[in-house]
Amino acid sequence: MEISEKQVVLENEKIIVAIRTVFYLVAFLILLGMGIFYYLNADLWMVIMIVFFVAILFVVFDLNFCYVRLFVEKKQLMLQYYAAFSLKGREYRQIEIPIESLSGFKVEKHILGLKNRLVLEVRTKNGIAVYPPVILSAVGKSKQNVLKKQLQQILLMNNGGKF
């Protein structure tokens, strides 16, 4: 793999936009339905809609969909990410790793494989450092496989990396 120019390995902006659009549309429809049921004095249906809405909120916040962009530029592995839904507002984060210091990575599966987390490991003077996990819930399996192959290539270039 040639590292001289910028190479985007992964970006999921389109799926994040789609997820946010569907979420807001569903939320609007549920709230509209709640208003109609309130107007019709259909209390049981109103309670059902509230429970359904809270369940959707729980799932969305538990899966923690993240915008993720990973690219290689000037012998640096750059990872930019933020949560698509956050109560605290957007917290943009960026990790920059010199390619030669990447020593390993793992993709951990949680919640029946719906919530995958990428964990990067780097070599430092004091040993191996582990970065906080990056959530890959909004990254499809095929893109995750491409990501794994690219990271494995980098590790092979580093001679002796583990995966």
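This structure is a prediction, so every number in the text was calculated from the model and none was measured.
Follow the hydrophobic side-chain contacts under 4.5 Å out from Val68 and you never reach Val119; the two are in separate clusters. Hydrophobic clustering (side-chain heavy atoms under 4.5 Å, transitive across Ile, Leu, Val, Met, Phe, Trp, Tyr) keeps Ile36 apart from Met49. Linking ILVMFWY residues whenever their side-chain heavy atoms come closer than 4.5 Å, directly or via other members, leaves Val146 and Leu79 in distinct clusters. Using a 4.5 Å cut-off between side-chain heavy atoms of Ile, Leu, Val, Met, Phe, Trp and Tyr, with links allowed through other members, Val107 and Val130 fall into different hydrophobic clusters. Transitive grouping of hydrophobic side chains (ILVMFWY, heavy atoms separated by less than 4.5 Å) brings Phe85 and Leu57 into a common cluster.
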Run the numbers on Leu102 and Glu121 for side chain to side chain contact (heavy atoms under 4.5 Å, CB included), then give the verdict.
CA-CA 6 Å; Leu102 184 68; Glu121 300 172 354; 5.9 Å; no

Dump the intermediate steps for side chain to side chain contact (heavy atoms under 4.5 Å, CB included) on Gln94 and Tyr81, then the final yes or no.
CA-CA 6 Å; Gln94 179 168 315; Tyr81 62 100; over 6 Å; no

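Between Arg123 and Ile128, the closest heavy-atom pair is CG-CD1, 3.8 Å. Taking all atoms of both residues into account, the shortest heavy-atom contact from Ile16 to Ala138 is CD1-CB, 3.6 Å. The two residues Cys66 and Ala83 come nearest to each other via the heavy atoms SG-CA, 3.9 Å. Closest approach of Ala129 to Thr124, counting heavy atoms only: CB-CG2, 3.9 Å.
The backbone N or O of Leu120 sits nowhere less than 3.5 Å from a side-chain atom of Lys106 that would complete a donor-acceptor pair. At distances below 3.5 Å, at least one donor-acceptor pair connects side-chain atoms of Gln144 with backbone N or O atoms of Val139.
The closest side-chain heavy-atom distance from Val9 to Val72 is below 4.5 Å. Within the 4.5 Å cutoff, the side chain of Tyr131 has heavy atoms near those of the Ile97 side chain. A 4.5 Å side-chain heavy-atom check between Phe65 and Ile135 finds every atom pair outside the cut-off. Counting heavy atoms from C-beta outward, Phe37 and Ile48 have side chains that stay 4.5 Å or more apart. Residues Pro98 and Lys75 have side chains not in contact (no heavy-atom distance under 4.5 Å, counting atoms from C-beta outward). At a threshold of 4.5 Å between non-hydrogen side-chain atoms, the residues Leu70 and Val134 do not count as touching. Between Ile154 and Leu77, some side-chain heavy-atom pair lies under the 4.5 Å cut-off. The closest side-chain heavy-atom distance from Arg117 to Leu136 is not below 4.5 Å.
By the 6.0 Å contact criterion, OH on Tyr38 is open, its count of non-hydrogen atoms from other residues, nucleotides or ligands being 12 or less. Around the CZ atom of Phe61, the shell of radius 6.0 Å holds more than 12 heavy atoms that belong to other residues, nucleotides or ligands.
Within the model, atoms CD1 of Ile99 and CD of Glu73 stand 10.5 Å from one another, a figure rounded to the nearest 0.5 Å. To the nearest 0.5 angstrom, Gln76 atom CD is 10.0 Å from Phe71 atom CZ. In this structure, CG on Asn64 lies 8.0 Å from OG on Ser86, to the nearest 0.5 angstrom. Atom NZ of Lys148 is separated from atom CG of Leu10 by 12.0 Å, given to the nearest 0.5 angstrom. Considering NZ of Lys149 and CG of Leu156, their distance stands at 13.0 Å, rounded to 0.5 Å. Rounded to the nearest 0.5 angstrom, Ser137 OG and Ile19 CD1 are separated by 8.5 Å.
Geometric assessment of Arg69 against the ring of Tyr67 yields a negative cation-pi assignment under the 6.0 Å and 45° thresholds.
Applying the salt bridge (Lys or Arg N to Asp or Glu O under 4.0 Å) test to every pair with at least one member in residues 91-101, sequence neighbours left out, gives these pairs: Lys88-Glu91, Glu91-Arg93.
Between the side chains of Glu108 and Asn116, not a single donor N or O lies within less than 3.5 Å of an accepting N or O.
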Quiz: residues 21-35 side-chain donor-acceptor pairs under 3.5 angstrom, not counting sequence neighbours:
| unit_1 | atom_1 | unit_2 | atom_2 | d |
| --- | --- | --- | --- | --- |
| Thr21 | OG1 | Val17 | O | 2.8 |
| Tyr24 | OH | Arg20 | NH2 | 3.4 |

